[in-house]
Amino acid sequence: MSRTARIIGLGHHVPARRVGNAEIEASLGLEAGWIEGRTGIRSRFWAEPGDTLSGLATKAGDMALERAGIDRREIGLLLLATSTPDHLLPPSAPLVAHRLGLDNAGGVDLAGACAGFIYAMTFADGFVRLHNKPAIVIAANILSRRINTAERASAVLFADAAGAVVLAPSDDPGHGILGSSFASDGSAYGLIHIPAGGSNRPFSDEIDVAETRMTIANGREVFVKAVEMMSRCSGEALAAAGLSASDVARFVPHQANARIFNAVGKALGIEDERIIKTIADYGNSSAATIPLSLSIAHADRPIRPGDKLLLAAAGAGLAGGALVVGF
């Protein structure tokens with residue numbers, strides 16, 4: 001029987017500081033209700049000065065490992081999906097693995113932007129199947145420190161959070177990734193980006209600090225391309241799994257913008273009650289939104305063994321994809 005990778009633990013963590021729309025609307029000179037009407041967001045959590053990316057990731061990972069009830073020495077790999085590591089060098093994953101007591105695990109960062117968790121889950125699933133060892137995937141971001149507060153398009157969206165998933169070997173063919181599809185569109189490379197700070201335009205005294213902050217060049221084009229990519233990849237992942245949208249117990253989209261995932265749900269024929277939504281209270285924390293949403297939803301109304309989950313994301317790059325996962 002083929003080995004599969006079963007989800008055995010979920011966890012999440014957000015900073016203590018909750019930021020309501022009124023605070024941001026006042027700073028940008030927007031009328032009350034402007035943000036929620038266009039994004040579906042009512043509030044989000046932002047890091048305090050003492051918070052770190054590795055700290056958020058560690059707390060989410062600790063929750064997932066506790067819920068998994070696993071000996072931490074059994075974990076063979078930690079994948080950390082993030083766009084905001086503690087430092088450009090070294091990667092943050094080894095530090096998180098150390099703090100979690102994963103003495104026998106490898107650790108590496110993955111920079112897949114909003115789709116980072118989708119890709120990390122795929123790599124972890126393959127590791128578990130091949131090596132017969134458990135793995136943990138953590139997605140975390142502190143995007144409040146990458147926001148250009150003067151740019152409305154990005155200032156209203158982004159948040160800080162972490163989510164984690166523990167995978168373990170299983171002999172049940174209904175567990176793990178049942179179907180997948182991935183996509184990229186480098187022609188849209190500049191739609192969401194941080195202009196300076198990479199090797200192309202390294203930090204220097206001449207660089208304006210605003211150029212080290214995130215910018216969204218064309219929100220409308222991002223919307224159109226994200227809906228198309230997530231819808232297409234979702235359909236292909238379902239087909240690869242031999243399933244239809246009606247077989248999906250819960251659709252867990254990246255919480256980019258309520259208008260985006262509602263449009264994807266409509267395109268797929270997935271009713272609103274089957275879509276897991278956390279954007280209203282937690283905002284858009286990029287790669288962290290899917291595992292955060294899974295953990296919160298499971299705590300609120302447990303996902304049942306055998307449920308088929310559809311996960312989909314698209315983001316900067318553009319990079320995206322979808323997974324059908326058996327719980």
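In what follows, every heavy atom counts, from backbone to side chain, and hydrogens, waters and symmetry copies are set aside.
D86 and S54 share a donor-acceptor pair across their side chains, judged by distance under 3.5 Å alone. Inspection of the N262 and K277 side chains reveals an N or O donor paired with an N or O acceptor under 3.5 Å. Side-chain atoms of S295 and H12 form a donor-acceptor pair, as typed in the model, at a separation below 3.5 Å. Defined by atom type and a distance below 3.5 Å, a donor-acceptor pair is present between the side-chain atoms of S187 and D185.
Using modelled atom types, no side-chain atom of K225 and backbone atom of F223 make a donor-acceptor pair closer than 3.5 Å. With hydrogens and angles ignored, the 3.5 Å screen pairs no side-chain donor or acceptor of T82 with any backbone N or O of N141. In this structure, S285 contributes its side chain and A161 its backbone to no donor-acceptor pair below 3.5 Å. Side chain of Y119 to main chain of G320: a donor-acceptor pair is present (N/O by atom type, distance under 3.5 Å, no hydrogens or angles). Between the side chain of D109 and the backbone N or O of A93 there is at least one donor-acceptor pair closer than 3.5 Å. Panel note: side chain S231, backbone A267; no donor-acceptor pair is recorded below 3.5 Å. Side chain of Q255 to main chain of G283: no donor-acceptor pair is present (N/O by atom type, distance under 3.5 Å, no hydrogens or angles). In this structure, W46 contributes its side chain and A16 its backbone to no donor-acceptor pair below 3.5 Å. Between the side chain of S293 and the backbone N or O of T289, at least one donor-acceptor pair lies under 3.5 Å. Listed for the E211 side chain is no donor-acceptor partner under 3.5 Å among the backbone atoms of I194.
Under the 4.5 Å side-chain criterion, counting only non-hydrogen atoms from C-beta, N132 is in contact with R3. A heavy-atom distance below 4.5 Å is not found between the side chains of V108 and L80. Residues L89 and H87 fail the side-chain proximity criterion, which asks for heavy atoms closer than 4.5 Å. By the 4.5 Å heavy-atom criterion applied to side chains, N21 and W34 are not counted as neighbours. Using a 4.5 Å cut-off on side-chain heavy atoms (C-beta onward), L79 and M121 make no contact.
Between H254 and F117, the gap from one ring centroid to the other reaches at least 6.0 Å.
Using a cut-off of 4.0 Å between Lys/Arg side-chain N and Asp/Glu carboxylate O, R213 and E151 are scored as not salt-bridged. Salt-bridge annotation for R72 and E66: present, with a side-chain N of the basic residue lying under 4.0 Å from a carboxylate O of the acidic one. Ion pair R42/D281 flagged as a salt bridge, since at least one NZ, NE, NH1 or NH2 atom sits closer than 4.0 Å to an Asp/Glu carboxylate oxygen.
Atom CG of D208 sits in a crowded spot, with more than 12 heavy atoms from other residues, nucleotides or ligands closer than 6.0 Å. At most 12 non-hydrogen atoms from other residues, nucleotides or ligands lie less than 6.0 angstrom from NE2 of H98. Counting heavy-atom neighbours within 6.0 Å of R274 CZ, excluding the residue itself, gives a total above 12. Within a 6.0 Å sphere centred on NZ of K59, other residues, nucleotides and ligands contribute 12 heavy atoms or fewer.
Of all heavy-atom pairs spanning L292 and A162, the tightest one is CD1-O, 4.0 Å. In plain terms, the two heavy atoms of C233 and A183 that are nearest each other are SG-CB, 3.7 Å. I41 approaches I35 most closely through the heavy-atom pair O-CG2, 3.9 Å. Considering every non-hydrogen atom in both A155 and L28, the closest pair reads CB-CD1, 4.1 Å. Between A115 and A319, the shortest heavy-atom contact is CB-O, 3.5 Å. In plain terms, the two heavy atoms of P169 and P134 that are nearest each other are CD-N, 3.9 Å.
Screening T52, I142, L56, D160 against T84 for a side-chain contact (heavy atoms from CB on, under 4.5 Å) leaves a single residue, I142.
Under the 4.5 Å side-chain heavy-atom criterion for ILVMFWY residues, a single connected hydrophobic cluster contains both L268 and I275. Note: the hydrophobic cluster containing F127 does not contain V96 (ILVMFWY, side chain heavy atoms under 4.5 Å, direct or indirect links). Under a hydrophobic-cluster definition in which Ile, Leu, Val, Met, Phe, Trp and Tyr are linked whenever side-chain heavy atoms come within less than 4.5 Å, directly or via other members, L243 and V325 are assigned to different clusters. Under a hydrophobic-cluster definition in which Ile, Leu, Val, Met, Phe, Trp and Tyr are linked whenever side-chain heavy atoms come within less than 4.5 Å, directly or via other members, I296 and V252 are assigned to different clusters. At a threshold of 4.5 Å between side-chain heavy atoms, the hydrophobic network of Ile, Leu, Val, Met, Phe, Trp and Tyr places I147 and I279 in one connected group.
Considering CG of L323 and CG of D125, their distance stands at 8.5 Å, rounded to 0.5 Å. In this structure, CD1 in I7 is found 6.0 Å from CG in L167, a value given to the nearest 0.5 Å.
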Criterion side-chain contact (heavy atoms from CB on, under 4.5 Å) on F327 and R304, from CA distance to verdict: CA-CA 7 Å; F327 194 77; R304 298 172 301 180; over 6 Å; no
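A cation-pi arrangement is not found for R44 relative to Y282, the charged atom failing to lie both closer than 6.0 Å to the ring centre and inside a 45° cone about the ring normal.
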